[in-house]
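These notes concern the structure reproduced below.
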Amino acid sequence: MSDLDRTSWQGIRDQIRERILDSTYRPGDKLPRDHDIAAELECARSTVQRAMRSLADDGIVERKRKGGTIVKPDPVTRAVLNIPIARIEIENRGFDYRHHLISQDIGAAPPAIAAQFGLSQASPVAHVVALHMAAGRPFVLEDRWISLDTVPEFRSVDLAETSANEWLVRHRPYSRCDVQIHATAIDADDAQLMGVAPGAAMLVLERTTWIGEKPITHVKATHAEGYRLMTSS
């Protein structure tokens with residue numbers, strides 16, 4: 001690690017996390033004061049404070065006003081789930097990619113989506129259904145809703161040129177992502193699109209992204225048989 005990395009808030013955070021992982025600091029231990037850590041690691045106190053906020057956000061430590069910082073007795077283990085661009089994911093596997101737009105329309109949010117987004121049913125949303133193909137075979141079936149209050153410019157996106165998945169990843173960064181992963185028995189209509197028998201068990205990822213309190217998109221992504229999901233921590 002370079003000196004610059006070592007004294008950045010990310011570097012300080014990683015050093016403290018390493019001490020927790022190797023049991024230098026054990027669950028329930030009180031950490032040294034921010035001032036003392038800053039002096040030891042030769043960085044600004046504000047840098048240590050930023051690192052500690054990150055560790056607290058990750059559920060590893062707990063910050064108490066006038067009570068210092070302790071290692072949580074039951075730290076949360078988190079995994080990072082990146083939102084892939086389907087085209088790049090498919091091309092990285094060595095397959096030719098094709099995007100098939102099945103339908104797109106704009107209207108008032110249906111009750112389930114309005115509830116998911118926390119919007120009134122009069123709020124405008126775009127609904128996009130598309131199939132991402134790998135070497136001519138179905139790879140991911142995308143059923144997506146986009147809040148046009150949050151992303152009004154989506155109205156002018158040419159989905160014949162780029163997929164909603166790729167456009168949103170590149171143009172609408174999010175601050176929060178809610179994810180559900182489950183297996184489901186595919187219905188007859190989706191089974192025909194995916195080229196499987198109705199009722200086949202399929203891996204489904206449902207994601208809702210937000211910028212602050214504003215919803216961006218909710219997508220139900222049904223993956224081809226044999227799909228593997230990788231995460232990092």
Side-chain angles (χ1 to χ4, degrees), residues 80-181 184 186-196 202-224 227 229-230:
V80 176
L81 180 64
N82 294 321
I83 295 181
I85 293 175
R87 176 183 61 79
I88 294 176
E89 184 178 17
I90 289 168
E91 290 176 348
N92 283 346
R93 293 173 184 235
F95 299 124
D96 292 331
Y97 169 78
R98 186 164 59 87
H99 170 244
H100 176 45
L101 179 63
I102 297 169
S103 66
Q104 65 177 121
D105 58 72
I106 292 174
I113 296 302
Q116 180 75 26
F117 283 169
L119 300 173
S120 72
Q121 290 185 35
S123 299
V125 293
H127 184 209
V128 177
V129 179
L131 192 59
H132 301 274
M133 310 287 288
R137 298 172 63 88
F139 186 77
V140 176
L141 176 61
E142 172 187 354
D143 188 340
R144 180 183 297 275
W145 298 85
I146 303 102
S147 170
L148 296 176
D149 285 340
T150 307
V151 197
E153 64 271 32
F154 189 80
R155 292 176 182 270
S156 61
V157 175
D158 184 355
L159 295 179
E161 294 294 326
T162 186
S163 70
N165 159 245
E166 184 161 355
W167 188 90
L168 286 164
V169 170
R170 294 193 184 282
H171 293 89
R172 274 294 173 162
Y174 60 88
S175 59
R176 189 178 103 226
C177 180
D178 299 333
V179 180
Q180 296 182 50
I181 304 172
T184 190
I186 196 168
D187 64 32
D189 290 339
D190 288 352
Q192 185 175 11
L193 292 170
M194 293 296 291
V196 298
M202 307 293 286
L203 176 67
V204 175
L205 273 68
E206 295 195 54
R207 299 187 303 265
T208 307
T209 55
W210 309 76
I211 182 69
E213 297 301 315
K214 296 180 179 180
I216 298 172
T217 185
H218 173 78
V219 60
K220 176 184 175 183
T222 302
H223 293 75
Y227 181 85
L229 174 69
M230 301 295 293

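Computed over heavy atoms, backbone and side chain alike; hydrogens, waters and symmetry mates excluded. We number each residue from 1, following the sequence as shown.
Side-chain contact between His132 and Ser163 is present, with at least one heavy-atom pair separated by less than 4.5 Å. At a threshold of 4.5 Å between non-hydrogen side-chain atoms, the residues His100 and Leu193 do not count as touching. Residues Gln104 and Arg144 have side chains not in contact (no heavy-atom distance under 4.5 Å, counting atoms from C-beta outward). The side-chain heavy atoms of Val219 and Ile146, taken from C-beta on, include no pair separated by under 4.5 Å.
Considering only residues two or more places apart in sequence or on other chains, Trp167 meets the ring pair (Phe, Tyr, Trp, His ring centres under 6.0 Å) condition with Phe154, His171. Residues that satisfy the side chain to side chain donor-acceptor pair (under 3.5 Å) test with Asp143, not counting sequence neighbours, are His127. Partners of His223 by ring pair (Phe, Tyr, Trp, His ring centres under 6.0 Å), not counting sequence neighbours, listed by chain and number: Tyr227. Judged as a side chain to side chain donor-acceptor pair (under 3.5 Å), and not counting sequence neighbours, Gln121 has no contacts.
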#### Entry: Full working for side chain to side chain contact (heavy atoms under 4.5 Å, CB included) between Asp178 and Trp210
CA-CA 9 Å; Asp178 299 333; Trp210 309 76; 3.2 Å; yes
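Counting non-hydrogen atoms of other residues, nucleotides and ligands closer than 6.0 Å to CZ of Arg137 gives a total of 12 or fewer. Residue Gln192 qualifies as open at atom CD: its count of foreign heavy atoms under 6.0 Å is 12 or below.
The two atoms that bring Pro138 and Met194 nearest to each other are CG-O, 3.6 Å, heavy atoms only. Considering every non-hydrogen atom in both Val125 and Leu148, the closest pair reads C-CD1, 3.9 Å. Across all non-hydrogen atoms, the minimal contact from Val169 to Pro84 is CG2-O, 4.5 Å. Pairing each heavy atom of Ala164 with each of Leu159, the nearest pair is N-CD2, 3.7 Å. Of all non-hydrogen atoms in Arg172 and Thr150, the two that sit nearest each other are NH2-O, 3.1 Å.
Screening residues 212-224 for salt bridge (Lys or Arg N to Asp or Glu O under 4.0 Å), with sequence neighbours left out, gives no hits. For residues 105-119, the pairs satisfying side chain to side chain donor-acceptor pair (under 3.5 Å) are Gln116-Thr208, with sequence neighbours left out.
In this structure, the separation between CG on Leu101 and CD on Glu161 is 12.0 Å, given to the nearest 0.5 Å. Between the OG1 atom in Thr162 and the NE2 atom in His99 there is a gap of 8.0 Å [rounded to 0.5 Å]. Atom OG1 in Thr222 sits 5.5 Å away from atom CD1 in Ile186 (nearest 0.5 Å). For the atom pair Arg98 CZ and Asp96 CG, the distance stands at 10.5 Å (nearest 0.5 Å). From Phe117, atom CZ reaches atom CH2 of Trp145 across 9.0 Å, with rounding to the nearest 0.5 Å. Going from atom CG of Leu168 over to atom OG1 of Thr209 covers 7.0 Å, rounded to the nearest 0.5 Å.
Proximity of a side-chain donor or acceptor of Asp149 to a complementary backbone N or O of Pro215 within less than 3.5 Å is not detected. Judged purely by atom type and a 3.5 angstrom limit, Arg93 has no side-chain atom pairing as donor or acceptor with the backbone of Ala134.
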